[in-house]
Structure formats: C-alpha cells, structure tokens
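Notes for the one structure printed next.
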Amino acid sequence: MKPVFISGARIVDPASRTDAVGNVFVEGGVIAEIGAKAKAPQNAEIIDGAGKTLIPGLVDMRVTIGEPGAEHKETLKSAGRAAAAGGVTTMVVMPDTDPVIDDVSLVDFIKRRGEARAGVRVLPSAALTKHLDGEQMTEIGLLAEAGAVLFSNGSRPIVDSRVLRRALSYSSAFGALIAHRPEDPYLARGGVAHESALAARMGLAGIPAAAEYIFAERDCSLAEITGGRLLLDMISAARTLEPLRRAKAAGVKVHASVSVHHLTLNELELNDYRTFAKFSPPLRSEDDRQALIAGLRAGLIDVVVSGHDPRPPEEKRLPFDEAAFGASALETLLPALLSLHHNDDVPLMDLIAAVTSRPADLLSLPQGRLSVGAPADMVLLDLDAPFKFDAEKMLSKCKNSPFDARLMQGRVLRTFVGGETVYAA
Amino acid sequence: MPKSEATAQGDTALAPAVVRHRHLLSIDDLTRFEAEALIARAETFIPLVEGRAKKKTDTLRGRTLINLFFENSTRTQSSFELAGKRMGADVVNMSVKSSSVAKGETLMDTAATLNAMAPDLLVVRHGASGAARLLARKVDCSVINAGDGTHEHPTQALLDALTMKRALGRVEGLTVAICGDVLHSRVARSNVRLLSLLGANVRLIAPPTLLPAGVRDWGADVFTSMKAGLPGADVVMMLRIQLERMQGGFVPSQREFFWFYGLDAEKLALTGKDTLVMHPGPMNRGIEIDSAVADDKAVSLIERQVRMGVALRMAVLEALAAHASNEGAAA
C-alpha cells in the first residue's frame, strides 16, 4: 500500500476539537503525521486537499443488511460499496438477519465475511435475546469475546421488564453496550405514522409518542438500578428527551441515538402517502424534529445513525398501510447531516462528532478520530458542493430513499479505510 | 473483636460448648466466642468421626433428635443422624414423603404434632426462608436450622470454618472468595456472617444477576469477575448453581457460566498462591467446578468438609442439648 500525503486540507477532528488547515501523512494503514508542519515524503501519493475538508471516516452504529438470509436486499459487499460512497468506514450491522446473530459462530461469520467482502470495516452486533424472542438472554460474555460490539434486540423491543433488567445487569460485568428500541409494541401496534391531526386526517393509524417515552422512562430506570450501559436506539419524540436528560444528570450510563431522517424530515413527508418516508419510529412533528436538533446540539443525543434498512420495491411500492418501514440510507447519511450545518442548526464539529468520535468512544474503537497512530479511516469531502441526489444511482441494492431528487450539499470525494482508498468520486 | 481463639481452644474445648440461645437458626444467634467454642469442641470429636478413637459417646443418651426434612438432602440429613447416634441419641428421620405434610398438613400442624412427641432436638430443612424460625416459635425443644430457603444454613458455615481452621490453622485473616450463585445461596449468607465474625476477609464473586440487592452492605468485597476477585485468595468456596437458573434467565447458558465463573485449574491459578478449594455439595461438575480441581487431593477440601460436618454437628447438638436440660432443670 502506497503512503498517502494530503496537503492543505481543512482538518475537522472532533476528538481533539481541531478545525484547522493542515497536512496528513498516512503510512502502514495508520495516521503517521498530522498538522501544518507534516512534510510530504518522496514515495507518497500526494493529494491536494486545498479547499477540501478532511474528517474521520463515519462510524454508523445502525446498519441493517440482508446477509445472511435476505441477500436480495443487501449483502455485506453491496452495503460496503454504498458505505464507502457515503463516507461510512465502519458499519455496525444489526443482528436481525435470518438466522438471527445470536450465536458465537454467527458473529464470527459476519466478522470474517465482512473482512473479506465489504471493503469497509464491519462490526457485528449480537442479539440481546435468543432468536430476538425477548425471553432468554444470549451468551453476552462469549459473544463479546467473539467480537460483538453491541447487543441489540433489533427492532423488537423487549416487553418483559425483568428480562431487560437481567440483561442490563448481567452485561454490566462485561461493560457491554445494550442498544434498545424504546417502543411499547402494544401502544404502537397497527400504527403506520406519527399519531397526530395530520395522520388522522389522512386516515393513517397512529403510533403515539407515548409508545416511545413510556418505554424510555422504563429503560432509563432499569439502567439506573442495574448499572448497565444503555443506548436508547433511534429516538424520535421530543418528550423522550426528558427521561434521557434526567438519567444523564443522575449519572446513569444511558446514551441515545437518532437517525438522520428524524433530524432532517418530519411527518409532512407523508403528504402524498409516500411510503419512502415510512419509518419506524415514524417521522414526527416539526416540534419533535426541532427538539431532537436541540438535543443533539446540547449533547443529550450522543450519536446519529443512518438507520440503513434497504427495502426492495415489492416491499415499498404498496399502499401506505402495507408498505415496509425503513430507507436505504448509507449514502445519504453525511449529506443529509450536513444540511444541519448549512442551515446553522448544529455546529459542524458537533455534527461530525455524532457520527465519528462519539460512536467510536461508545464502542471503545480506535477509529473515528484523526490523530497520530489512529487507523487512517478518513473522508475527504467538498463541504459545500451542491448536487441533486439521484436515488437511481445509489450503490445499495435497494434505492428506497426519501431524499430522491432532493438538492443536497456536501460531496464525498474520497474515502479511506486503513489508508486504502475504497471510494473515489 | 477480641482475639479469643486461644481461649476458646484451650481448656474450654474439653467441656461442651456453651451457647446462650436455645435454637441455632442463624449465625446471628452466635457470638464470636460461642462460634469459636463450637469449632474448638468439634475439633475434639474429629478423632472420633475419623475412626481414630472409639466411635461413640453417651452424652445424648435418652435424648430424642428428630430430623425433619421438607427438602431432600442425603448429605445433611445423614450427617445430623450420624452425629446424633454417635452421641447416643435416639434419632427419628422424617422426610416430606413419609410425613403428613404431603397430605395437606400445614407446617404449624406438623409443629404441634411433633411437639406432642416431646423431642429434645429438632433439625429442620425447609424450602421457605424463615420456616425454621416459625417452627421454633411453636415447639418446646431446641431447633436447628439445617437450611431454610435462601436464608441460612448455619451448621454448614460452621463446618466450613472448622475445615479451614484444620487445613490452614486459623480462620482470622484468611481471604475467602465465595463464588457463584450468591443470590439463591443460604450457604453464602451463613458463611459471610460467620467468616466476617471470625475475622476473615470475605469476597463474593458472581455475575451481577446472581448478586442480591444490597449485597455491597454485607461487609464483603464484591466482584463480578473471577479475574478481579481471585488474586490473593487463600480459600475459594464454590457454590452450587441450580441448572434451571442457566437457561437465559439469570445466566445465558451453562457453557458461558463455566467459561466465566466455573472454577478450573486456570482460574484457580489466578489466586497467585496455594489456594484450597471448597464446595458445600452436591457439585455440578463441569458447570461451577471442573472435576480436575474438585478431585485434586492437593487443593480440594471437599471430602474433608463432609467429615468435619459430623464432628461439628456433634458439638452443636451437645451444646443445645445441654441448654435444653438446664431449662428442664429450672422448670
């Protein structure tokens, strides 16, 4: 692998709160030198970074793939290509595949398969309960030793509070991070949209915000009594921030993620019964969206995820009630997130932190930062370049994006994983 | 707490130990002096139970001991039976199957019935915490708790302390790591109380799901990994875990439990010293303890615990019987 020297780029590194023009020298897969004084060695490939921005590669904590079991939707290879194009250099893949990733050998399978085929880094998350049945906890210790970085019940919340309590308690011996979707499945049952006047007018069954914040209250309380590490996975409602704020203030080890869609879109997207805007949790009101942005700005929300959930046309081109939830999102995570920068909603540093150093720190990963010795996972981008997003050109196997034909700003020029170029525009 | 071991061992061991209470329901019923006196007295019975002296005394001749076992326990029941018989007592064994409890009689009815038989000593094992205390309130004889639910098993703790004292010469100052299902263990509760009373440093090691609420106030150091909790331990005491606890409720699986919390030679080496291994039995081999460790005569005290059990229970029966006869004389 040829050493790489990037000169004169704007370096934005949230881990060190650096935002300055400088050079970066990469050798042997890691960042060897960084700063204004770094000099170009003779044998290196020299990249002119003038006018461009260099950020750490994105760490996406919530990527659903179809491998194993639904390879027609997405494979590790196709997701890897989409990720590289989107500046995502580390994907944490969800366990709700077929079979469910609830066994040591399956964690090993995902790890090895990811290494061989994805191009970007693939980190398996493991099921929190066997078969995601919400009843019996998995072998959290052995799965963590095998390489599972996160434990999640996918999109199936655990209803039995005692099961979640024991899982949070047991996992605390291993310092494992539990990601749990706070949603009362009974309150949410049958719902397809945010419960509101709009949904009512449209004749769509609602999913009340209470379905989320009631479980968020419960989950924060369980984290408190057990000492476990909890990530409230993909929150969507303003009121969910209340238990989160209280728990954090009390020193409970609770964190929260939000999908980029819930930061940038609201329920009005549903106006034409556009199924590409059908999400779980649902896109909520503008007030909710503004509260989530404020929560991100305040550091209350730690992490932004793509929530990548590829769905083929046969699952999306259906009447709204029947269509699947979710969007293909690896390629739009960064430009959609950057709209919050261009609109002056959230400072650039905090936005980048939420997709790089913060997820990396939650998962105890060395990447997600631009510092000497760190893996050279980096994205070179043109922060301001405008473009019209064309979903047909997506590299993901599924093109179901709510951002199709939308004007966006911020283009990935080149993506590096361990110093190697995995995507170049 | 005075260092009273020497006193307790010395001259008093030649006479029966004296205890204030009529019953032995909890370690909390004992002072340090009483516990040490029982252990010292038990030591004098060891030659007898090991067949190195004549096998019987007649201290309890004419006394009646009833073993009332609502839960099966071959080991504890026969240990009390032998202890009673070696001291000349008349021993009656009642197990749940042969008693009228199976026919719907309540614990209180049983107590009244037994009381009418006027035994001197009643040894009771029951699945419910507090059952021994309930019985003790209703009968006129001495009651010995041989295990009540997840509460206490005081004679097990006493025999464990006796075993440690014989093997290592002392209990005070020893570091004892108690590992496994602390949550459901009466043995752990009695041992934490007794070993702390006797001046040992007690550690508890268990997955967080098998630690009771408030365990950090027990006076023991609490760990959730063997790696953190074992270094420096003089004794490792493994607890029995019920197999049904390991189906995803408290612990994900047997293999995960053994991998992280089962005692094998590798984990035993974490202590960094010559450490002795104990287990109250019956063992789940390959789950909480590896056979190679359990059967290693150089480190395992497990067989010795059983022998010590008879001697210790002789001392307890003798002490409580003496108590009963004093009362009888006073009446």
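Numbered from 1 within each chain, the chains take letters A, B, ... in sequence-line order. Since this is a predicted model, take the numbers as computed values, not measurements.
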B:D274 CG: over 12 foreign heavy atoms closer than 6.0 Å: no
Non-hydrogen atoms of A:S169 and B:T209 that approach each other most closely: OG-N, 3.6 Å
More than 12 heavy atoms from other groups under 6.0 Å of CD on A:E71: yes
Rounded distance [0.5 Å steps], CD in A:Q136 versus OG in B:S253: 10.5 Å
Whether over 12 other heavy atoms sit under 6.0 Å from B:R203 CZ: yes
Separation of B:F260 CZ from A:F174 CZ (nearest 0.5 Å): 4.5 Å
B:Q242 atom CD: more than 12 heavy-atom contacts under 6.0 Å: yes
B:K297 atom NZ, neighbour heavy-atom count above 12 within 6.0 Å: no
A:E139 and B:W259: side chain donor to acceptor below 3.5 Å: no
Which atom of B:E256 lies closest to which atom of A:L142, heavy atoms considered: OE1-N, 3.0 Å
Atom of A:I140, atom of B:P252 and distance for their closest heavy-atom approach: N-CG, 4.1 Å
